[in-house]
Amino acid sequence: MPTFSFVRLGKTKLSKSKILNHVLCPTHSIFNIFVNLGMDCGNYPRKISDGLVEISWFFPVGSRSSETFLEPFAVTNLHGDLASNLREFSFLCQISAAIFIFINSFTERDYKLFTQLRDTDKKYYFILPPSNNKKKTQTTLETLQRLSQTLTVFLVKTRERNAINSVNDIQGIISDCLKDKVISLSLEDMAVVASKHGIKVDENTVECQKARNHALSIIREIKNVSQYKTETMRLQGDLWKEISNIERELCRMKNQGSCNSTTYRNKLTKRCFDLTRSQYQNPMPDGIKTFITALSSLTQQENKYFMKWMKFYLDSAARDNLLGLQTEYIKKSPSEASNPTEMKKPAHNISESSLGIEHFLREMGQFYEAECSMIKQEQINPNQRRFGELPGIIADLLLDGFPLELIDGDASNIPMQWITDVLTELDTKTGGRCRIRVISVLGGKSTGKSTLLSTMFGLKFPGASGQCTQGTFITLIRVEEDFIEELGCDFILVIDTEGLKAPELASLEDSYEHDNELATLVVGLSDITIVNMAIENTAKMKDALQIVVHAFLRMSDLVTKPRIYFVYQDVSYATTFEKNEASRGKPTKDLNDKTKLAAKMQKINKAMEFFHIIYYDSEKHSCYIPGLWQDVPPMAHINQEYSENVWKLKKGLFGFMKDNNSSSPRNVKSFIERMKSLWNAVKLEMLVFSFQNFQLEEVYDQLSRRYSELEWQLRKQVHSCLVRSENIIKNQLADNIQSVTSNILEHDVRSLLDKEETNMVEQLTEYFQCSCANAHLLEEHREEFLIHVKSLRRDLEIMASGKLWEVVRTQKRKWEIENKLAKSQEFTEDNLRKYLENHKLVHKALGETELSLVFDTVWSNILKELNMIRLPKHRIDTEMLEQLKQEMRSRPILVTEKLNNVKSLKDYEEANFKVSHDFVDNLFLKNVMEFVTKDFYKKLGQVAQLLADECQDYVRDKVTTKEDYDELYCQELLTMINRKLDEERVRKLHPSPLFEVELKLHILGRAAPHFQKMHDDYGLNNDPKLVLQNLKPQYFLVFKSTFQRQDNVRCHAKLFCDQCLKPAVTEHIFKNLGQEIVDEILQSPDGNKFKNRKHFQFILLKELLKINRFEHYLQYITQYETYVRRWITEYITKKCSTRLKYFLSGILNSITGDIKAVLRHEKVQMSESVSVLLQTVSMEIREYLVLSKSAIKVSEFLNTSNVQQFSADIEYFLDAMEVEIKRDVETMDVESIFWNLTLKPHDELFQRVIGCGKKCPFCEVPCESGGTNHYNHRATIHRPRGLTHYTWAESNVLYNSTCSTDILSNGSFINPDTDGKWHPYKEYQIIYPDWIIQPDKDLKSSDYWKFVLTQFNHQFAEHYNANPAEIPPEWEKITQQAALRSLWETYSVKE
């Protein structure tokens, strides 16, 4: 375009810049394009600007009636006196169509200066202001007259002192010049002229020219943009778009039809792989090669030049096509309603007409993605990589401030591996110091989103070569060192998005879906989302608002509410609008209305308003910004209020970041994981997302571990308290036991639980607040875990109360026996004492054999006189059967007849429980499809098996107490069965009364022999006659020592150690050894596997794969609880077998140390007699040991020892006793030791890892959620359902699909929970609202179980009496190593 230059000669009265501003600006709107004396700060002393040439342009608006100029042109403005800047003036003379020279006078010296000019064909317009010095004016005119003979000179006289009227003259001159064919130069042409005049041109530097040459070597090949893209950008064309569509279809399976889910997915997977292979096999075009070579070979500075040149040339190349295409689109718009198909072609052409750097980077990314895919599929070796350095190159560009495309604007997809590796390289290059905050912008098309970001942060996002932003771009802004601590991050990641509801793209397929996906992803990734709206365009504003609200609603289960800032642009009355309460309230009302509507559409059945899902305050988080331009562009000037309000917005955003309540900055790893999770959820079309977010999972696991540690500390404290309390109760007199027990429960137990509950709450609260950097992510789980604490406390309190009152009941029965025994002992001792007094002299010379014969005679006579009766022996099975009959007497006649025909429970001792056809209500089955009925029988069998195992555990716990059988035990078993049968999920199986009675007979039949043995063993150990008989050897020792006058003191001391202390200490060991073992395991490096259910599952599955035997897989799948118990028991045995001596020594040393301390106590040493000493010792150690009263009586019998000597002798024999106990325990096998422990380690660890015990309703994988009372059940990996005996009805072929795939399909399921009716998989949560089944993270997530089914397909089929599953060819390629790798990746465990 033509250029007009404005200069001054000498000092002038006129302000050149001010007049120039008037020339360029419309009459009604004058603004300062050039700095002049009349503006604020315009009179600031000039120091360095002399010789500076400024350039500006004029562009017509398009309205001929109001335009001053009809053609565009450029103006230059030379600062300073041209006489002092002749080089710059000569340059301007050569490039200009006309030169306007402001003068006060024109002297002879000036004449000589101008006559040296060579541009004689240029027009020189001298602007002369009026002057009072006529002589001077005359001289000027004469000199200019002479100059006109050499140059083309024109004189412009101003008519007034301010010379504003001369503006019209200048405008007229310029208009006339534009009508003529005057010289027109581009900036590039001017650069050539400048170089000739010795003016340094930046672009002429070696670095810049080198970069330019690389750019030109690419640009020269571009003749037609669309054709070039088709030929050069082949990977991102139809191949990439089809891959993107397949990836979506893999997640949504909308076109599945009647095809099997697994078969359909495998077909899609194969097609996707074939397309990727085609991408990889495509030769790299020369343009892409040159682009990559440039980026990899140029220096950092050269790369910056290269990217600038590329953008400049690409914009020029693409812009030529765009205007015509947009015109074509506009012309067709009126006919859109009548023929929308016609709109697709121009819309597609507009999309294809854009060509920018992002397309080259996208192609690079596609080559990289294809190569990575080939490596993953093991089609090429990692050492064959060609593009491994590309992510590092792009990471450098990101650090230099260049934007990177996140979402492909054409295919609406994220090249996930490419973006992941670029960001990972970024993290590496920053040394891990890449904590980021994310700010994004959403809004309608042409609402000024990119301009807003550019103004705030000085950015320049791609504009699709003259169009608006297309796709989504990220740019890094490095935070200055001074602000890192204040903002809490190292970088700000800014996300710019294309406009929602772009009209030129609206006719393209899935454009609305694309908008929803884009908005959802951006909202989910951002710490702060700016929603940018043009408030005066209400329709567009509401459309965009609808999309944004849907996106935010999908985020409603995020751990921290998304933060939002609403920016209303083009508000011409911003100040008034802000002050108008009604105006401010309207957006809030719109937001609430949109939220309610969106909630209804997404089937959220609860009252929802905007503030429920978003952290938003309409007073603080709204910003009203006037339009950017203060007049009609392109010659409008920037609105100063725009900049001021944008600065306020920026200040508000930074205030958000500094807010203590805001989320912590993310590292690159967590950003990547969140991006993957979000995009996966977007592709899955999940209405309300439940994210498998790495960062969230990580801190949730940490929280679960912390809770697990605190739970064990509480359980350990309660166990210790119960052990002490039981000892105290057993050492009480009959009259005190009731009150003592109540006092223990009211004070000791409750105080302990209150204290520990408070401690757990405080510890968890502290954890939420500061113990973990990302603990704020778990805010939504705070209440859940606090409920766990309350539930745990309640359960422990109930358990403690039940145990202690059971001890009381047992102890009361024992006292009856002990009273009989005490009387018998007293009678026996009186008779022995009399015999000794009467025959002391007669038998003193007898040997041990003779004395033994004498004692046997005396003992037999005493027992005859006692005439003791044995404890009654009960038939436990008969009593239990009678209890069962009484409990079921009101059942149907069929049940009572069945029970009346049962003669004894012994018939059910060994029998296995088999599900019969009579076990399901026949009336119900008539309305159910035949192939579904086997599912009812299968589930009833599982209920029976699970209940039988639970009852067996209860029986085992009671038997190990070594107390007598109580009829309450049978009643408790019946209660457990009734409670299970009353559960809703069991009632849905419609069990018949016959099922109930058979199940109860089975469980009671299995329990009866154990209870019978328990009762018999108790009788043997506690029958007064037998106990007294067992005391015979001890009485003989006293008898013998009296006659032989041996050391009576040592004899009694040894008796006390052997008969009183040794059994009590042994019992003490078994009460405390279990706790020590659990402590050791949990505190060991391997203890983490028991602190987190998810990690425990990983350990089990990894070991299963290592063993890789069918029997192990089968038991894990079909008898999970049994397998886990066995695994834990084997683990403890292996782990602790060598450590038992250590635990044993520790407990023994501790208790014997306590006993010795008691014996040395002054109170004991000063006892009046041995009897008092023994009573005192028993009282002092009552919390630790329960001493046998009958054994104490033997120790007191005829014991006239010196108290101090007796105490010393007991201490002497303690060491020998300790050795004996060690020997006795060490000779026991590990299984026997565990059986005798009060707290069984395998049970404790089992409860920690079994959790709620729930299983997936489809594939039966166990729930991995923390705690036991969680809101939702979930598992990391689901498996092919054929592994759990799920088959196709018609063919009886094992089902090969996983539920994580089925929930995406259009299929339906039918089972007892649906009452035998078909139900869509996609709506499974209507039937199972407490289960969250996540779709597989990727196609390899379930490779583990695919490998298992493939390996053992025929074995599973044979076991289930079914036909083998159909194994896709892709599954047969999965190796054991690939299955293990899938396990590592899916559980996010580092190798």
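Numbering of residues begins at 1 and proceeds along the displayed sequence. Everything numeric here is computed off the predicted structure, so don't read it as measured data. The basis for the numbers below is simple: all heavy atoms, side chains too, and nothing from hydrogens, waters or symmetry mates.
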Worked verdict on V567 versus L649 for side chain to side chain contact (heavy atoms under 4.5 Å, CB included): CA-CA 8 Å; V567 174; L649 171 62; 3.7 Å; yes
By salt bridge (Lys or Arg N to Asp or Glu O under 4.0 Å) - contacts of E363 (at least two apart): none
Interatomic spacing from CD in Q1325 to CD in E1323 - rounded to 0.5 Å: 11.0 Å
Which atom of L678 lies closest to which atom of T520, heavy atoms considered: CD2-O, 4.2 Å
Donor-acceptor under 3.5 Å (Q1334 side chain, S1300 main chain): no
Flag side-chain contact, heavy atom, 4.5 Å: M364 against I394: yes
Partner set under salt bridge (Lys or Arg N to Asp or Glu O under 4.0 Å) for R265, not counting sequence neighbours: none
side-chain hydrogen bond (donor to acceptor under 3.5 Å, both in side chains) assessment of N1306 paired with K1322: CA-CA 7 Å; N1306 298 320; K1322 287 184 177 179; 3.3 Å; yes
Residues forming a salt bridge (Lys or Arg N to Asp or Glu O under 4.0 Å) with E242, sequence neighbours excluded: R271
Nearest-0.5 Å distance that lies between atom OG in S440 and atom CD1 in I474: 12.0 Å
Close side-chain approach of L406 and F473, heavy atoms under 4.5 Å: no
Atom pair OG1 (T276) and CD1 (I243), whose distance is rounded to the nearest 0.5 Å: 4.0 Å
Contacts of type side chain to side chain contact (heavy atoms under 4.5 Å, CB included), residue C251, not counting sequence neighbours: N680, K683, L684
Partner residues of W418 under the ring pair (Phe, Tyr, Trp, His ring centres under 6.0 Å) criterion, sequence neighbours left out: Y368
Any donor-acceptor N/O pair, T529 side chain to S526 backbone, under 3.5 Å: no
Separation of C1256 SG from I1332 CD1 (nearest 0.5 Å): 12.5 Å
Side-chain touch S1297/D1302, heavy atoms, less than 4.5 angstrom: yes
Nearest atoms (heavy-atom pairs only) where S1342 meets S1382: N-OG, 4.4 Å
Over all atoms of both residues, closest heavy-atom pair of T1301 and M253: O-SD, 3.9 Å
Closest non-hydrogen atom pair between G471 and L518, with its separation: O-CD1, 4.3 Å
Qualifying residues under ring pair (Phe, Tyr, Trp, His ring centres under 6.0 Å), relative to W1331, sequence neighbours excluded: H1273
Heavy-atom closest pair, residues C272 and I246: CB-CG2, 3.8 Å
Contact check, side chains of C434 and L426, non-hydrogen atoms, under 4.5 Å: yes
Main-chain N/O of H359 paired to Q236 side chain as donor or acceptor, under 3.5 Å: yes
Euclidean distance, T420 OG1 relative to E673 CD, rounded to 0.5 Å: 8.0 Å
Within 45° cone and under 6.0 Å: R563 NZ/CZ vs F656 ring: yes
Verdict with reasoning, R437 to V479, per side chain to side chain contact (heavy atoms under 4.5 Å, CB included): CA-CA 10 Å; R437 300 270 196 182; V479 176; over 6 Å; no
4.5 Å side-chain heavy-atom contact, I1277 and Y1387: yes
Pairwise side-chain contact, L250 with L1304, heavy-atom cut-off 4.5 Å (strictly under): no
Check: T472 and I495 side chains under 4.5 Å, non-hydrogen atoms: yes
Spacing of N532 atom CG and I625 atom CD1 [to the nearest 0.5 Å]: 7.0 Å
Sequence-distant partners of Y1324, ring pair (Phe, Tyr, Trp, His ring centres under 6.0 Å), two or more places apart: none
Criterion side chain to side chain contact (heavy atoms under 4.5 Å, CB included) on L452 and V646, from CA distance to verdict: CA-CA 7 Å; L452 180 68; V646 169; 3.7 Å; yes
Worked check of side-chain hydrogen bond (donor to acceptor under 3.5 Å, both in side chains) between N413 and S244: CA-CA 6 Å; N413 199 2; S244 301; 2.9 Å; yes
Partner residues of D408 under the side chain to side chain contact (heavy atoms under 4.5 Å, CB included) criterion, sequence neighbours left out: W240, R362, E405, D410, A411
Trace of the side-chain hydrogen bond (donor to acceptor under 3.5 Å, both in side chains) decision for Q569 with K449: CA-CA 10 Å; Q569 289 217 45; K449 302 180 301 300; over 6 Å; no
Shortest non-hydrogen separation from Q279 to L235 and the atoms involved: NE2-O, 2.9 Å
By side-chain hydrogen bond (donor to acceptor under 3.5 Å, both in side chains) - contacts of S412 (at least two apart): H514
K650: side chain to side chain contact (heavy atoms under 4.5 Å, CB included) partners, not counting sequence neighbours: M456, F457, F654
Side-chain donor or acceptor of R674 paired with backbone N/O of G524 under 3.5 Å: yes
Chi angles and distances behind the side chain to side chain contact (heavy atoms under 4.5 Å, CB included) call for L355, M233: CA-CA 10 Å; L355 180 62; M233 313 286 182; 4.0 Å; yes
Pair S261, Q256: side-chain N/O donor-acceptor within cut-off below 3.5 Å: yes
Atom CG of N1272: over 12 foreign heavy atoms under 6.0 Å: yes
Side-chain touch V441/V522, heavy atoms, less than 4.5 angstrom: no
Partner residues of D490 under the salt bridge (Lys or Arg N to Asp or Glu O under 4.0 Å) criterion, sequence neighbours left out: R433, R435
Non-neighbouring partners of Y1321 that pass ring pair (Phe, Tyr, Trp, His ring centres under 6.0 Å), sequence neighbours left out: F1258, F1309
Test side-chain hydrogen bond (donor to acceptor under 3.5 Å, both in side chains) applied to Q417 and D421, step by step: CA-CA 6 Å; Q417 190 65 54; D421 290 353; 3.1 Å; yes
Pair T451, S454: side-chain N/O donor-acceptor within cut-off below 3.5 Å: no
